[in-house]
Asks: 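Okay, handing you the structure first.
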Amino acid sequence: MHPRIPRQSAREQNGPPPVSPDGDVRLSAELTAVVSGARRRALRDGDRQIDTAHLLHSLLDADAEAYAVLDAEPQLPRLLGYLVQRSIGYGLRWQGSIEDSGAVPAVTTEGLSPLAAGAMAHACARAEHRADGPARGIDLLAAILVDPESRAVEVLTRAGIDARAVSARIDDRLPGGLWGGPPRSSR
């Protein structure tokens, strides 16, 4: 009989996240920790790839700035409940399937679903455009909300949280807005 929770090697536990085997300097230390946490969640849940819901859960656990965006939501406890119970409840129908909305070709980065890989690239592009340092958790949170078919948006919607409203709050928080222009609140 095989254990339900796959064993992790020392390299998987302490090594770099699967985003890039050489380390990705485009990611802040906090975002690197988020990706590592998402990988551990995926392994624990028996999933082959990190999806956007894993990233959302890890962001809320490890990134104070991303958590602050959702902290005012009265439905936050419900959202956290769905994310925590993923392996025994809401997310069971996702097991064994790949997160892909079909909007883009299914090209994956090792360990990431197509949508999660796209979100990581989108977060890095946003940070690069702003030119204020590597991608942060808030960049990734904004990026995982872009595709309405992502698992992260599905969980948010199921919990009663409007992903577009969250995106607007993120845009207001980032200096210069999401893409480096004037902040939306000053228009």
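What you are looking at is a predicted structure, and each value in this text was computed from that prediction instead of being measured.
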Asks: I'd like to know if the side chain of S150 reaches the main chain of D147, judged simply by a donor and an acceptor atom lying under 3.5 Å from each other, with no hydrogens or angles considered.
Replies: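 Yes; at least one donor-acceptor contact below 3.5 Å.
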Asks: Taking the side chain as every heavy atom from C-beta outward, state whether I144 and L59 have any atom pair closer than 4.5 Å.
Replies: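 Yes; the side chains approach each other to less than 4.5 Å.
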Asks: Indicate yes or no: at least one non-hydrogen side-chain atom of L145 is less than 4.5 angstrom from one of L156.
Replies: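 Side-chain contact under 4.5 Å: yes.
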Asks: Apply side-chain contact (heavy atoms from CB on, under 4.5 Å) to L79 and E73, showing your working.
Replies: CA-CA 10 Å; L79 171 64; E73 290 286 341; over 6 Å; no
Asks: Looking at P134 and S28, what are the two nearest heavy atoms and their distance?
Replies: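 For P134 versus S28, the nearest heavy atoms are CB-N, 3.5 Å.
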Asks: So, for A119 and A143, which heavy atoms are closest and what is the spacing to 0.1 Å?
Replies: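 A119 and A143 have their closest heavy atoms at O-CB, 3.2 Å.
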Asks: Quick one: does I161's side chain get under 4.5 Å of Q75's, heavy atoms only?
Replies: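 Side chain of I161 against side chain of Q75, heavy atoms only: contact under 4.5 Å found.
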Asks: Can you tell me how far the CZ atom of R78 sits from the CG atom of L76, to the nearest 0.5 Å?
Replies: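 Interatomic distance, R78 CZ to L76 CG, rounded to 0.5 Å: 11.5 Å.
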Asks: Does any non-hydrogen side-chain atom of P114 lie less than 4.5 Å from one of Q49?
Replies: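 When only atoms from C-beta onward are counted, P114 and Q49 do touch, with a gap below 4.5 Å.
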Asks: Mind checking whether L27 and C124 have side chains closer than 4.5 Å, heavy atoms only?
Replies: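 With C-beta onward as the side chain, the pair touches.
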Asks: Whether the side chain of H129 engages the backbone of R126 through a donor-acceptor N/O pair (distance < 3.5 Å, no angle test) should be reported.
Replies: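 Flag not set: sc H129 to bb R126 has no pair under 3.5 Å.
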Asks: Salt bridge or not between R26 and E128? Use side-chain N to carboxylate O under 4.0 Å.
Replies: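 No.
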Asks: Using the rule given for side-chain contact (heavy atoms from CB on, under 4.5 Å), can you reason through D51 versus L115, listing the C-alpha separation, both sets of side-chain angles and the distance that settles it, and then say yes or no?
Replies: CA-CA 7 Å; D51 64 27; L115 289 181; over 6 Å; no
Asks: Please step through salt bridge (Lys or Arg N to Asp or Glu O under 4.0 Å) for the pair E30 and R136, ending with a clear verdict.
Replies: CA-CA 7 Å; E30 294 83 9; R136 303 185 328 245; over 6 Å; no
Asks: So, the side chain of T157 versus the backbone of V153: is there a donor-acceptor pair under 3.5 Å, distance only?
Replies: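 Judged by distance alone, yes, a pair lies under 3.5 Å.
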Asks: Tell me the closest heavy-atom pair linking L83 and A53, and the distance in Å.
Replies: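 Heavy atoms only, the tightest pair is CD2-O, 3.8 Å.
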Asks: Please step through side-chain contact (heavy atoms from CB on, under 4.5 Å) for the pair V34 and L31, ending with a clear verdict.
Replies: CA-CA 5 Å; V34 164; L31 189 51; 4.2 Å; yes
Asks: Looking only at heavy atoms, which two atoms of A127 and G133 are closest? And how far apart?
Replies: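 For A127 and G133, the tightest heavy-atom pair comes out as CB-O, 3.7 Å.
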Asks: Run through D63, D71, V69, L70 and flag the one making a side chain to side chain contact (heavy atoms under 4.5 Å, CB included) with Y67.
Replies: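 Per the side chain to side chain contact (heavy atoms under 4.5 Å, CB included) rule, the option paired with Y67 is D71, out of D63, D71, V69, L70.
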Asks: Using the side-chain contact (heavy atoms from CB on, under 4.5 Å) rule, take H57 and V84 through it: C-alpha gap first, then chi angles, then the decisive distance, then the call.
Replies: CA-CA 8 Å; H57 193 175; V84 167; 4.0 Å; yes
